[in-house]
2 protein chains.
Amino acid sequence: MAINDLSKDLAPISSNTMADIVEIKLREYLKKKSFRPGDALPKELELAEALGISRNVLREALSRLRMLGMIETKKKRGMILARPDILGSFERVLDPLIIDNNTLQDIFELRLVLEMGLADLLYIRKTDKDVEELENIAKKEAKLDESFRIKSEIAFHGKLYDMTGNDTLKRFQIMLMPIFDYVLTQEKKPIRGKVNHMDLVQILKTGTKEDFKIGMQAHLQPHFDRINKIKTNK
Amino acid sequence: MAINDLSKDLAPISSNTMADIVEIKLREYLKKKSFRPGDALPKELELAEALGISRNVLREALSRLRMLGMIETKKKRGMILARPDILGSFERVLDPLIIDNNTLQDIFELRLVLEMGLADLLYIRKTDKDVEELENIAKKEAKLDESFRIKSEIAFHGKLYDMTGNDTLKRFQIMLMPIFDYVLTQEKKPIRGKVNHMDLVQILKTGTKEDFKIGMQAHLQPHFDRINKIKTNK
DNA sequence: ACATTTGATATGTAGTACATAAATACTAAA
DNA sequence: TTTAGTATTTATGTACTACATATCAAATGT
């Protein structure tokens with residue numbers, strides 16, 4: 001545990017390059033001046049001069065903010081503050097091959113937590129049409145051979161997130177999926193809970209929120225069993 | 001809803017600037033060559049030449065990857081691929097003042113979902129020591145006046161995430177907190193559930209996982225009520 | 001009054017030059 | 001031969017200049 005007490009406790013050391021510093025300074029500047037999306041920013045030369053740096057360094061810092069979607073620029077209009085896509089930056093970094101194993105496991109668990117917590121929102125927002133569509137997905141499943149099983153798995157759980165009416169949550173789930181899959185493929189054999197998709201649909205149709213929670217728990221039980229097994233390894 | 005079918009369906013249009021394109025190309029390059037953390041990258045001049053661009057543009061793209069923690073550079077050693085901090089980039093963008101209201105609401109709900117889903121992980125990992133510490137937090141609470149109530153609220157729920165032993169989850173919660181608070185302060189009066197922190201501690205001590213889920217639901221009920229109210233507005 | 005041209009301007013890209021830090025090679029002393 | 005210290009080399013970091021390009025705005029012509 002204790003990821004990095006060391007690096008936390010004892011130093012940002014030297015805030016590396018100028019671009020790093022300028023990036024921070026720009027952030028502070030935008031905050032202090034309480035710019036709002038759409039507001040125009042000073043032009044590059046003015047900023048560079050004010051900061052006492054070359055336009056080059058400034059542009060490296062601006063490039064970062066631009067990537068995050070915090071600013072937008074047009075040829076003559078100059079720069080304006082924009083609304084960043086909060087998940088966009090996150091998405092850029094989510095590559096299972098780069099992330100270390102501990103974090104992969106963390107994210108796997110994170111998705112389980114989400115899945116377990118969906119029920120309340122789901123029961124607030126679900127519609128009959130939603131449930132019907134979900135049922136169709138589950139029905140088709142029976143006819144599919146194993147190779148298409150994964151696709152259906154994704155479709156089903158994706159639809160669940162869909163039904164919460166929470167776009168951010170939905171996107172978040174989509175982004176986490178590759179990692180979820182990756183961790184699973186590290187496992188030997190596919191695991192299946194005692195409650196299947198069709199069962200869950202039935203609960204959604206006639207059961208209570210509490211029923212659904214219990215059902216989902218049973219559905220994901222194999223994953224929790226696995227976590228229990230490696231619990232000590234952490 | 002359908003956030004933006006339009007922008008999704010019909011175009012990234014022109015991937016704006018060179019830096020944008022180079023950023024993508026570099027990403028593809030790193031992936032295709034399946035570089036691993038620690039591997040050395042070609043030097044700037046070589047990359048720039050290979051891409052047929054100025055070193056300037058290249059550095060703008062590199063600056064982005066460096067910000068995300070995907071690469072690290074040292075004066076003579078050159079560049080190496082690094083492990084990005086997956087939440088670091090996310091953190092940079094999480095400013096309640098910039099995020100639009102719909103997304104704020106989404107994130108608020110996201111945190112509720114997390115909170116509701118914690119139980120399973122919690123019951124796998126919690127220790128007596130953890131519960132004891134949690135109890136201390138809840139006990140102190142009684143003596144505090146209203147102004148310190150928020151701090152304790154944070155400490156209590158933070159400790160819950162702590163107890164899951166999932167560092168990523170914990171950090172995620174910390175990052176989401178300002179937004180959670182922000183949305184709450186938009187409300188008139190502070191809301192309080194029928195189950196308080198001390199009750200939750202008692203459940204953790206002697207109750208089952210299911211008891212805890214029910215308890216947490218009751219604790220958060222006011223928030224869900226609020227969601228139910230604005231359900232139609234979406 | 002309207003359409004077209006022209007100019008001004010802010011960002012985008014390229015290229016050169018030099019500073020700086022760090023690894024390597026080299027030199028001189030023990 | 002070893003070791004300490006110095007010089008050299010090299011890749012990144014920073015600065016500056018020049019020009020391309022797109023767009024807004026004013027000037028011009030019909």
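Chain letters run A, B, ... following the sequence lines, proteins first, then strands; residues in each count from 1. Reckoned from all heavy atoms, side chains included, excluding hydrogens, waters and symmetry mates. Nothing here was measured: the structure is a model prediction, and the numbers come from that model.
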Expressed in angstrom and rounded to an integer, what is the separation of [X] atom [atom1] from [N] atom [atom2]?
X       : N      : atom1 : atom2 : answer
B:Lys43 : D:dT10 : NZ    : C1'   : 7 Å
A:Leu65 : C:dT11 : CG    : C1'   : 16 Å
A:Asp20 : D:dT14 : CG    : C1'   : 14 Å
A:Glu49 : D:dT17 : CD    : C1'   : 16 Å
B:Ile21 : C:dG12 : CD1   : C1'   : 12 Å
B:Arg59 : C:dG15 : CZ    : P     : 17 Å
B:Leu62 : D:dT14 : CG    : P     : 13 Å
B:Leu51 : C:dA14 : CG    : P     : 11 Å

Considering only NZ, NE, NH1 and NH2 on the basic side and carboxylate oxygens on the acidic side, decide whether B:Glu109 and A:Arg125 come within less than 4.0 Å. yes

Which heavy-atom pair separates A:Ala19 from A:Ala61 by the least distance, and what is that distance? O-CB, 3.8 Å

Testing D:dG13, C:dA14, C:dG12 for proximity to the side chain of B:Val57, the answer is C:dA14

With sugar-phosphate taken as primed atoms, P, OP1 and OP2 and all else as base, the protein-contact string of nucleotides 18-24 of chain D at under 4.0 Å (heavy atoms; B, S, -) is B--BSBB

Stepwise side chain to side chain donor-acceptor pair (under 3.5 Å) check, A:His157 with A:Gln173: CA-CA 9 Å; A:His157 286 262; A:Gln173 178 252 349; over 6 Å; no

With a 4.0 Å cutoff (strictly under), does any side-chain N or O of A:Thr73 reach OP1 or OP2 of C:dG12? yes

Report yes if a side-chain nitrogen or oxygen of A:Ser54 is closer than 4.0 Å to either non-bridging phosphate oxygen (OP1 or OP2) of D:dA15; otherwise report no. yes

Let's test your reading of the model: under 3.5 Å, does the base of C:dG15 pair with the side chain of B:Asn56 as donor and acceptor? yes

NZ of A:Lys25: more than 12 outside heavy atoms within 6.0 angstrom? no

Could you state the interatomic distance from CD1 (A:Ile71) to CG (A:Leu81), rounded to the nearest 0.5 Å? 8.5 Å

Walk me through it: do A:Tyr161 and A:Phe172 pass the test ring-ring contact (aromatic ring centres under 6.0 Å, His included)? CA-CA 9 Å; A:Tyr161 283 84; A:Phe172 196 57; 9.0 Å; no

Under 6.0 Å between ring centres, would you say that holds for B:Tyr29 and B:Phe35? yes

